[in-house]
Amino acid sequence: MSETRNPPPDGRAGIDAGLVRRLLRTQFPQWAELPVVPVAVDGWDNRTYRLGDRMTVRLPTHAAYVPAVEKENTWLPRLAPSLPLPVPQVLGRGGPGEGYPHPWSVRGWIDGETAAAGHIADLPRFAESVAEFILALHRCDTTGGPLAGAHSFHRGASPAHYDEETRRCLAALGGYVDTAHATAIWDEALAAEWTGPPVWFHGDLAEGNLLVSGGELSAVIDFGTCGVGDPACDLVMAWGLFTGPSRTAFRHAVGQDEGTWARARGWLTWKALLVLAESVESARKAGRPTAAVSARAETSLRVLAEVMADHRRA
């Protein structure tokens, strides 16, 4: 986890440090006197707090994210011995209390900074390390593993689950992006059905879930959307953090057939279109020019352009 420097305002989703202290006092009194501080880089599905020097507390922000708690509690200890990098260690399993309705957990702290170009010594070598982790995850025993579905927000299943939503976004973005090209990428993703044996996937391999120490990949966190199924969803970072030589290094190291890469392009296209459509709609409602999109939408425009350029070359 990244060091806490300027923690965000506390209290999102009704969760704050005071609640965490009360939960610890009633359920884990041995840790109740340790400092509780919001982490500087927090996710959306969960709120995370630094607990002392060696632990974190992780609480889901909505009932939709609750299945991930038991899934991680059950499977992270089983997967960890087969993986080449540290993953979160579950130290305590909390339950509802103090007005908080969901299960929650205490984890071990992992030193490191979230992945960003400025933190990485050699981006192509980093890309190969990410590919090595993905392939090691694929080799893990899938017996009894959670098949892709609602708990993974359908990562690991066919992107067709999001077909209707994607078509709506395409209709809303006419004249704003090249919808004809985006439609072609999406249609190819749907046509390239997964026929291989199911494997473990992470489901959210993004910069915020990759930790860096000493310029190298040092840990992978947040397995809330993991499961067993199609690995295509874990290839999308090829167009996020990686460009040029690092993207080439990632593609070469991780392998995968062209159908899997087509589905990966589809996953990223769906997400980029969704973010852009939401941003454009928000701008329209606020009476702003649709070109005045959010920073998140600017990133989506960039990665969508990268996907389209790769698709042309393919």
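This chain uses plain numbering: 1 for the first residue, then up along the sequence.
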Q) Between G259 and A192, which heavy-atom pair has the shortest distance, and what is it? A) O-CB, 3.6 Å
Q. Taking side chain as C-beta onward, heavy atoms only, is L241 less than 4.5 Å from L123?
A. yes
Q. Between Y49 and D16, is any side-chain donor less than 3.5 angstrom from a side-chain acceptor?
A. no
(Q) Surrounding CD of E33 (heavy atoms of other residues, nucleotides or ligands, distance under 6.0 Å), is the total greater than 12? (A) no
Q. Ignoring hydrogens and geometry, is there a side-chain-to-backbone donor-acceptor pair from S279 to V275 under 3.5 Å?
A. no
(Q) With heavy-atom distances below 4.5 Å as the criterion, would you say the side chains of L170 and L273 are in contact? (A) yes
Q) Quick one: do E164 and R168 make a salt bridge, cutoff under 4.0 Å? A) yes
Q: Please step through side chain to side chain donor-acceptor pair (under 3.5 Å) for the pair T260 and D257, ending with a clear verdict.
A: CA-CA 5 Å; T260 302; D257 60 32; 2.8 Å; yes
Q: Please step through side chain to side chain donor-acceptor pair (under 3.5 Å) for the pair T56 and R58, ending with a clear verdict.
A: CA-CA 6 Å; T56 65; R58 179 175 164 89; over 6 Å; no
Q | Result of checking E70, K71, E72 against T74 for side-chain hydrogen bond (donor to acceptor under 3.5 Å, both in side chains) | A | E70
Q: Give every residue pair that meets the side chain to side chain donor-acceptor pair (under 3.5 Å) criterion with at least one member in residues 127-140, sequence neighbours excluded.
A: none
**Q.** N46 and T48 side chains, donor-acceptor separation under 3.5 Å
**A.** no
Q: May I ask you to say whether K271 pairs ionically with D204, meaning some side-chain N is under 4.0 Å from a carboxylate O?
A: no
Q.
Let me confirm one number: the CD-CG distance from E113 to L210, rounded to the nearest 0.5 Å.
A. 13.5 Å
Q. Where do E165 and W270 land on the side chain to side chain donor-acceptor pair (under 3.5 Å) test, with the steps shown first?
A. CA-CA 8 Å; E165 184 173 64; W270 156 70; 2.7 Å; yes
(Q) Can a donor-acceptor pair be found, under 3.5 Å and without considering hydrogens, that links the side chain of W261 to the backbone of G255? (A) yes
Q.
Looking at G224, is its backbone amide N or carbonyl O close enough to the side chain of H202 to form a donor-acceptor pair, meaning the two atoms are under 3.5 Å apart?
A. no
Q: Any chance you could pull the hydrophobic cluster mates of W194, using side-chain heavy atoms under 4.5 angstrom and chaining through other members?
A: none
Q) Hey, does F223 have a side-chain heavy atom less than 4.5 Å from the side chain of W200? A) no
Q) Are D234 and R155 close enough for a salt bridge, meaning some N to O gap below 4.0 Å? A) no
Q) Any idea which heavy atoms bring T143 and D141 closest together, and the distance? A) OG1-OD1, 2.7 Å
Q) Between V90 and R107, is any pair of side-chain heavy atoms under 4.5 Å apart? A) yes
Q | Pairs touching residues 16-43 that satisfy ring-ring contact (aromatic ring centres under 6.0 Å, His included), sequence neighbours left out | A | F28-W31, F28-W104
(Q) Looking at every heavy atom in both P88 and I110, which two are closest together, and how far apart are they? (A) N-CD1, 3.9 Å
Q.
For a quick test of reading the model, state the closest non-hydrogen atom pair linking S218 to P86 and the distance between them.
A. O-CD, 3.0 Å
Q: Taking all heavy atoms of P198 and all of T142, pick out the closest pair and write down the distance.
A: O-CG2, 3.7 Å
**Q.** Side chain proximity check, H102 to P96, heavy atoms < 4.5 angstrom
**A.** no
Q. Distance-only, no hydrogens or angles: does the H181 side chain make a donor-acceptor pair with backbone N or O of V177 under 3.5 Å?
A. no
Q.
With a 4.5 Å cut-off on side-chain heavy atoms, are M308 and D310 touching?
A. no
(Q) Within the 4.5 Å heavy-atom criterion, are L276 and L301 side-chain neighbours or not? (A) yes
Q) Is any side-chain N of the basic residue among E98 and R25 closer than 4.0 Å to the acidic one's carboxylate O? A) no
Q | Heavy-atom side-chain proximity of L24 to P29 below 4.5 angstrom | A | no
Q | Exercise: identify the closest heavy-atom pair between I15 and P60 | A | CD1-O, 3.7 Å
Q: Indicate the ring-plane relationship of F242 and F250, choosing parallel, tilted or perpendicular according to the 30° and 60° boundaries.
A: tilted
**Q.** Test item: Q27 side-chain N/O and G95 main-chain N/O as donor-acceptor pair under 3.5 Å
**A.** yes
Q. Are D230 and R263 close enough for a salt bridge, meaning some N to O gap below 4.0 Å?
A. yes
**Q.** R22 backbone acceptor or donor facing T26 side chain under 3.5 Å
**A.** yes
